[in-house]
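Report on one structure; see the data block that follows.
Chain A is the first sequence line, chain B the second, and so forth, proteins listed ahead of strands; every chain is numbered from 1. The structure displayed is predicted, hence computed values, not measured ones.
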Amino acid sequence: MQRRPLLIQQDRFIYADTTHEEYGIVRPILQDIADLIKTPSTTHIYQVSEQSIWYACEQGIEFHQIKTFFEQFGKLSPPKPLLDWMEQQFYRFGLVEIIQDNSGQFCLRSKEKGLIGQILKNHDYRQCPVEEGEGVFIDESERGWIKAQFMAFDYPVRDQGGYEEGTPLPIETLPAMKLRSYQKEAVEALLKRKQTDGGNGVIILPCGAGKTIVGLALMAELKQEVLILTPNDTSLRQWARELMDKTTIDSSKVGFYSSTKKELAPVTIATYQMLTHRNAKTKKFSHLPTFQSRKWGLVIYDEVHLLPAPLFRFAASLQSVRRVGLTATCVREDKKEKEIFSLIGPKRYEIGIQSLERHGWLAHPVCKEIKVPFDEHKARHYWESSKRDQFRIASENPKKLDVVEELLKKHKREKILIIGQYIDQLEQVAKRFSYPLITGQTPKEQREVLFEQFRNSKISTLILSRVANLALDLPDAQVGIQLSGTFGSRQEEAQRIGRLLRPSQQASVHFYSLVTPFTKEQERAMNRQLFMVEQGYEYESEEWSS
DNA sequence: TAGACAGGAA
DNA sequence: TGAAATCCTGTCTA
């Protein structure tokens, strides 16, 4: 009993001993049923959540299998309350369904009597006959709303209502576009159960793994009109470019719907903000109705983790349309994860950096955390400052610049990106090392010029503010130096490392994270690093001394 | 008709 | 927790 790797607690936390010989066996299973929360030294702390269990259900895992797993690898026998709670979650999954009967009417049915009335209080629905439990007829347009209501009470509804077909659109991918094996798998995972609940969901692929390609392949499979929603202008253009390059579609069939142009076309690419915009006086959505007027066969939510809350209503109104969310990061940190689960769909496909690296599609990342202590003067300043200012003071630790100097020397033949969060700090770096700095203030043309020079190796090093997080047109680099980061989001880390990992001739790339030890910044940095740990990599830690 | 810029939003 | 970036609309200029 004693020599087992897992400590399973009643509070849904699981402590895994990473030095244990069996950790390699339990890790993949843990990742299927729980979320990684913290990684202090030789322990990985996981947490079981409602969604992590539903995901397991989705994968076809059964309750008794988890129970056996816990019994086999737990130091102690698993706590009964936890098992009961988990069993309850398994029971909830699939308890409520939406189906379409032979006459085309939608029916919401529950295996448990009274549940529908309890959740949809004050709403009268006509009873519909079911073999077990109870059922009511609902209107097609209510599907999204109803699913969201049930989700609010932790009942995930299995939507088997199928889809309406969109307006046909002839589109093929060009022969030159070869799908990689995992891209093919992703497309199949999404479409495998076309008629029921298989045409929607989330696909998780690391940056640089070709999410757009998966989108194009889906379009070519379905051959119906498409609405593509993206977070910004750059990815808007990116989608258009890829469509032109890799499919048979004519540019007259592709429309931009953004601040400058407002075209609706068989393939329409719009920004999220466009859809969320409200009229200042009437408070009504300015553009939503326009989008609802067309018969889409597919809606693609690019970077679905950025889906803004007001858009959930739009998403809810489009439940009869096939939809796919594309993202590079686990959506699960987001408080809105449940809405994405119920309105876009469950995770259908995920592949990690490690498997892509093994096939040579991504470079091998070497991540190092360098601890840069304050000098005495700054240390005093830090401790005397208010809690509010401490994070920034630690982030802007001037000693970090000395480390940057060392790193620049060490990697002088490689292309380097220096990334930071505070403009003041970045300006200091730019001044000291005489490299160009790009911030949100930098005009677009100037950015492009600098990117081009960097690509041609005319400049070896660029200094970037948060513009780096989502800018798709940023060229490849082999070294990333993170001076400071935001309040510990894995997403940010994912984007920044992903930036470097884009397929390149380089076998490995280096990512350095500069952190002031024993400060607020270090706590946050630990959370950010979870991203790579989750992906199966470890950060090496190093103390810097001058 | 296009672009530049200010101001507001989330 | 807070700073920075982005996108939208409307207005002005050429």
Q: Assign a letter to each nucleotide of nucleotides 4-14 of chain C from its 5' end: B, base within under 4.0 Å of a protein heavy atom; S, sugar-phosphate only; -, no contact.
A: BSSBSB-----
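Look at CD on A:Glu521: it is 15 Å from C1' on C:dA3, rounded to the nearest Å. Atom P of nucleotide B:dG3 and atom CD of A:Glu445 are separated by 11 Å, given to the nearest angstrom. To the nearest angstrom, P of C:dA3 lies 10 Å from CD of A:Glu396. Going from atom NZ of A:Lys261 over to atom P of B:dG3 covers 10 Å, rounded to whole Å. Residue A:Leu275 contributes atom CG, which lies 15 Å from atom C1' of B:dA10 at whole-angstrom precision. Counting to the nearest Å, the C1' atom of B:dA10 and the CG atom of A:Leu311 are 12 Å from each other. Summarising the geometry, the separation between NZ on A:Lys281 and P on B:dA9 is reported as 14 Å, rounded to the nearest angstrom.
For A:Lys415 and A:Phe454, the positive end sits near the middle of the six-membered ring, less than 6.0 Å away and at most 45° from its axis. Both tests do not hold together for A:Arg490 against A:Phe531: distance to the six-membered ring centre under 6.0 Å, angle to the ring axis within 45°.
At B:dA9, none of the side-chain N or O atoms of A:Arg278 fall inside 4.0 Å of OP1 or OP2 (strictly under the cut-off).
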Q) For A:Tyr512 and A:His411, what are the C-alpha separation, side-chain angles and deciding distance, and is it a side chain to side chain donor-acceptor pair (under 3.5 Å)? A) CA-CA 12 Å; A:Tyr512 298 97; A:His411 293 282; 2.7 Å; yes
Q | side chain to side chain donor-acceptor pair (under 3.5 Å) between A:Gln421 and A:Ser465, worked out | A | CA-CA 6 Å; A:Gln421 127 124 323; A:Ser465 71; over 6 Å; no
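The pair A:Glu542-A:Lys368 meets the salt-bridge criterion, with a side-chain N (NZ, NE, NH1 or NH2) lying under 4.0 Å from an Asp/Glu carboxylate O.
The neighbour count for A:Arg237 CZ, taken as heavy atoms of other residues, nucleotides or ligands under 6.0 Å away, does not exceed 12.
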